[in-house]
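This report concerns only the one structure given below.
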Amino acid sequence: MASDLSTVVVPPKRVVTDYPLIDSDPHLRRVFGYARPSDYAVGAGAAAVSPIAFWVMERVSPSHVGRGGFAPVMRLATAIGLIGGLHLFYQRSAQRFYGFTENAREVEMDMREMVEKVKMGRPLYGTSQVSDYIQGVAARNSRYSQLFIHVLPWFNIVNHDQHGVDTAKYYQQAERELEAERVKAA
């Protein structure tokens with residue numbers, strides 16, 4: 001008996017955490033959109049460490065490379081710092097989606113965003129231009145990928161519905177809010 005592989009859904013492994021899981025495969029836009037100001041500050045600070053450290057080392061113990069030798073290396077140090085800062089920024093925000101760090105603000109933002117989508121009749125995780133099979137492949141490949149981002153930068157850029165959470169909570173909350181609005185209007 002052959003099965004249709006386009007409908008196979010591999011459920012994500014649930015990781016036991018101290019905080020609630022928001023999404024086991026957050027979309028790139030959501031990770032950036034839910035970032036806290038502290039994530040930006042830590043990322044910017046980390047990005048500044050490399051060029052500042054290089055500049056200090058050059059002042060303390062000059063390399064005497066001559067005219068034009070310092071600038072290219074400083075550009076490289078700045079690029080390394082920017083990549084490292086972006087990595088740290090992204091990872092801090094993504095860990096809240098997984099429930100690894102405190103995420104009360106993000107849980108509230110997620111509930112508000114998803115309930116609004118339910119009320120407007122839009123799909124929770126967006127629409128996709130790719131087949132269900134490719135969505136499943138993308139979900140399996142990028143699920144929890146932010147944990148290994150320091151080795152292999154892999155981001156979820158595909159809209160799919162395999163995020164490891166029970167979406168019924170969004171529909172129930174939307175129904176409660178719509179009922180409260182009906183009662184208030186009456």
Side-chain angles (χ1 to χ4, degrees), residues 3-43 86-149 152-186:
S3 66
D4 184 12
L5 291 179
S6 67
T7 60
V8 173
V9 175
V10 177
K13 179 176 172 59
R14 287 297 302 235
V15 179
V16 179
T17 61
D18 293 335
Y19 304 99
L21 172 72
I22 298 172
D23 195 337
S24 66
D25 189 19
H27 195 280
L28 180 73
R29 275 182 265 130
R30 289 188 82 200
V31 174
F32 278 97
Y34 281 46
R36 295 180 180 185
S38 63
D39 297 336
Y40 286 99
V42 168
L86 181 62
H87 166 259
L88 190 57
F89 162 83
Y90 192 85
Q91 194 168 37
R92 283 175 53 97
S93 182
Q95 285 180 350
R96 286 192 207 94
F97 279 95
Y98 299 147
F100 293 161
T101 57
E102 185 278 319
N103 63 358
R105 173 185 167 267
E106 289 74 14
V107 168
E108 182 181 318
M109 288 174 67
D110 175 63
M111 182 61 77
R112 197 170 41 243
E113 175 188 1
M114 295 304 181
V115 167
E116 286 303 313
K117 286 183 177 182
V118 168
K119 287 180 179 179
M120 292 188 296
R122 294 185 2 216
L124 292 178
Y125 295 103
T127 56
S128 182
Q129 303 298 321
V130 298
S131 69
D132 290 339
Y133 175 74
I134 297 299
Q135 289 177 38
V137 170
R140 289 187 295 277
N141 284 333
S142 63
R143 191 176 294 140
Y144 291 111
S145 64
Q146 287 81 2
L147 299 178
F148 204 57
I149 198 169
L152 179 65
W154 197 283
F155 310 96
N156 175 22
I157 57 172
V158 176
N159 292 323
H160 58 77
D161 60 357
Q162 300 177 28
H163 292 270
V165 294
D166 183 14
T167 58
K169 64 183 177 184
Y170 304 128
Y171 292 96
Q172 292 167 354
Q173 180 66 25
E175 188 61 38
R176 283 193 293 269
E177 289 181 13
L178 289 172
E179 185 61 34
E181 290 173 10
R182 279 184 237 135
V183 168
K184 187 177 179 181

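Only a predicted model underlies this, so the values are computations on that prediction, with no experimental measurement involved.
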Report yes if some heavy atom in the side chain of [X] is under 4.5 Å from a heavy atom in the side chain of [Y]; otherwise report no.
X      : Y      : result
Ile149 : Phe155 : yes
Glu181 : Lys119 : yes
Tyr19  : Val107 : no
Lys169 : Met111 : yes
Val118 : Leu124 : yes
Tyr98  : Leu147 : yes
Tyr144 : Val15  : yes

If I compare all heavy atoms of [X] with all of [Y], which pair ends up nearest, and what's the gap?
X      : Y      : answer
Ser128 : Asn159 : CB-O, 3.1 Å
Gln162 : Ala139 : OE1-CB, 3.7 Å
Ser38  : Arg96  : OG-NH2, 4.3 Å
Val31  : Ala94  : CG1-N, 4.1 Å

What's the spacing between [X] [atom1] and [Y] [atom2] if we round to 0.5 Å?
X      : Y      : atom1 : atom2 : answer
Ser93  : Leu88  : OG    : CG    : 11.5 Å
Leu28  : Gln146 : CG    : CD    : 9.0 Å
His27  : Ser142 : NE2   : OG    : 9.0 Å
Thr101 : Arg36  : OG1   : CZ    : 7.0 Å
Tyr171 : Leu178 : OH    : CG    : 12.5 Å
Thr167 : Gln172 : OG1   : CD    : 9.5 Å

Point to revise | Greater than 12 external heavy atoms within 6.0 Å of Ile157's CD1 | key: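 For Ile157, atom CD1 is not crowded (no more than 12 foreign heavy atoms under 6.0 Å).
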**Study point:** Within 6.0 angstrom of Gln129 CD, more than 12 heavy atoms from elsewhere
**Key:**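 Counting neighbours around CD of Gln129, 12 or fewer heavy atoms of other residues, nucleotides or ligands fall under 6.0 Å, so no.
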Practice item. Verify side-chain contact (heavy atoms from CB on, under 4.5 Å) between Phe89 and Val42, making sure each step is shown before the conclusion. Key: CA-CA 7 Å; Phe89 162 83; Val42 168; over 6 Å; no
Review point. Does the separation of the ring centres of Tyr125 and His160 fall below 6.0 angstrom?
Key: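 Aromatic pair excluded; centres sit 6.0 Å or further apart.
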Exercise for review: Any chance you could lay out the side-chain contact (heavy atoms from CB on, under 4.5 Å) test for Glu179 and Val183, step after step, and finish with the verdict?
Suggested key: CA-CA 6 Å; Glu179 185 61 34; Val183 168; 3.8 Å; yes
Is it true that a side-chain atom of [X] and a backbone atom of [Y] form a donor plus acceptor pair closer than 3.5 Å?
X      : Y      : answer
His163 : Val165 : no
Asp39  : Ala35  : no
Gln135 : Val130 : yes
Asn103 : Pro20  : yes

Check your understanding: Only one of Trp154, Phe32, Tyr40, Tyr34 clears ring-ring contact (aromatic ring centres under 6.0 Å, His included) with Tyr90; which?
Key ->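 Only one option passes, and that is Phe32.
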**Study point:** salt bridge (Lys or Arg N to Asp or Glu O under 4.0 Å) evaluation trace for Asp25 with Arg30
**Key:** CA-CA 10 Å; Asp25 189 19; Arg30 289 188 82 200; over 6 Å; no
Review point. Ion pair present between Glu116 and Arg122, side-chain N to carboxylate O less than 4.0 angstrom?
Key: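 No salt bridge links Glu116 with Arg122.
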Exercise for review: Dump the intermediate steps for salt bridge (Lys or Arg N to Asp or Glu O under 4.0 Å) on Glu177 and Arg182, then the final yes or no.
Suggested key: CA-CA 9 Å; Glu177 289 181 13; Arg182 279 184 237 135; over 6 Å; no
